[in-house]
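Scope of the values below: all heavy atoms of this structure, side chains included, with no hydrogens, waters or symmetry mates. In this text, all values refer to a predicted model and were calculated from it rather than measured experimentally.
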Amino acid sequence: MYVFILLLILISSLLINTKANKGKKLYLIFNFSVFAIISGLRGETVGIDTTHYIYNFETISTYGIDTILSYYDSDVANSYLMKLVSCLH
């Protein structure tokens, strides 16, 4: 996997003209997209805390907006963001 990522970055740096500002933006967007896709498509068992985040997401998606504040007072912004994403899901 790491070899694949390294090859993508290397090939994109060779193919995209990074001398121009438009090329720099395209290079950045392309490589960011690769990392975002790889991070987003990882399995539930990858990482120690992934199952905990999945549990929190599923729990918060069932709560109302007013209930979130009483249960998750330490990380309110993240909890409301998860609620917003669950509404869009």
Side-chain angles (χ1 to χ4, degrees):
M1 182 58 115
Y2 294 117
V3 174
F4 174 71
I5 295 170
L6 184 63
L7 283 174
L8 273 176
I9 292 172
L10 180 66
I11 291 170
S12 67
S13 67
L14 294 174
L15 294 178
I16 298 172
N17 180 15
T18 56
K19 302 272 192 248
N21 281 337
K22 191 179 250 186
K24 289 179 184 178
K25 289 179 185 177
L26 182 62
Y27 177 78
L28 180 67
I29 290 170
F30 175 77
N31 287 318
F32 177 78
S33 299
V34 168
F35 286 117
I37 289 169
I38 290 171
S39 296
L41 295 178
R42 69 183 189 164
E44 293 179 10
T45 58
V46 175
I48 298 170
D49 56 351
T50 306
T51 53
H52 178 68
Y53 286 125
I54 291 171
Y55 173 76
N56 280 347
F57 179 79
E58 290 173 348
T59 303
I60 287 173
S61 66
T62 62
Y63 290 161
I65 297 288
D66 54 342
T67 313
I68 292 173
L69 188 58
S70 61
Y71 285 104
Y72 294 96
D73 57 346
S74 63
D75 198 5
V76 178
N78 188 33
S79 301
Y80 281 122
L81 179 64
M82 282 195 280
K83 180 62 180 176
L84 175 69
V85 170
S86 73
C87 290
L88 298 175
H89 185 258

Checklist entry - Would you call His52 and Asn56 a side-chain contact if the rule is heavy atoms closer than 4.5 Å? => result yes
Next on the checklist: Tell me whether Met82 shares a hydrophobic cluster with Val76, the cluster being built from Ile, Leu, Val, Met, Phe, Trp, Tyr side chains joined at under 4.5 Å.
Outcome noted: yes
Checklist entry - Ile9: what forms a side chain to side chain contact (heavy atoms under 4.5 Å, CB included) with it, not counting sequence neighbours? => result Ile5, Tyr27, Asn31, Phe35
Next on the checklist: Which residues pass the side chain to side chain contact (heavy atoms under 4.5 Å, CB included) test with Leu26, not counting sequence neighbours?
Outcome noted: Ile16
Checklist entry - Roughly how far, to the nearest 0.5 Å, is NZ of Lys83 from CG of Asn78? => result 14.5 Å
Item to check | Point-to-point distance, once rounded to the nearest 0.5 Å, from CD1 of Ile38 to OG of Ser33 | outcome: 11.0 Å
Checklist entry - Rounded to the nearest 0.5 Å, how far apart are CG of Asp49 and CD1 of Ile54? => result 10.0 Å
Checklist outcome for this item: Between the CD1 atom in Ile65 and the SG atom in Cys87, the distance rounded to the nearest 0.5 Å is 6.0 Å
Checklist entry - Can Phe4 be reached from Phe30 by stepping across I, L, V, M, F, W or Y side chains whose heavy atoms are under 4.5 Å apart? => result yes
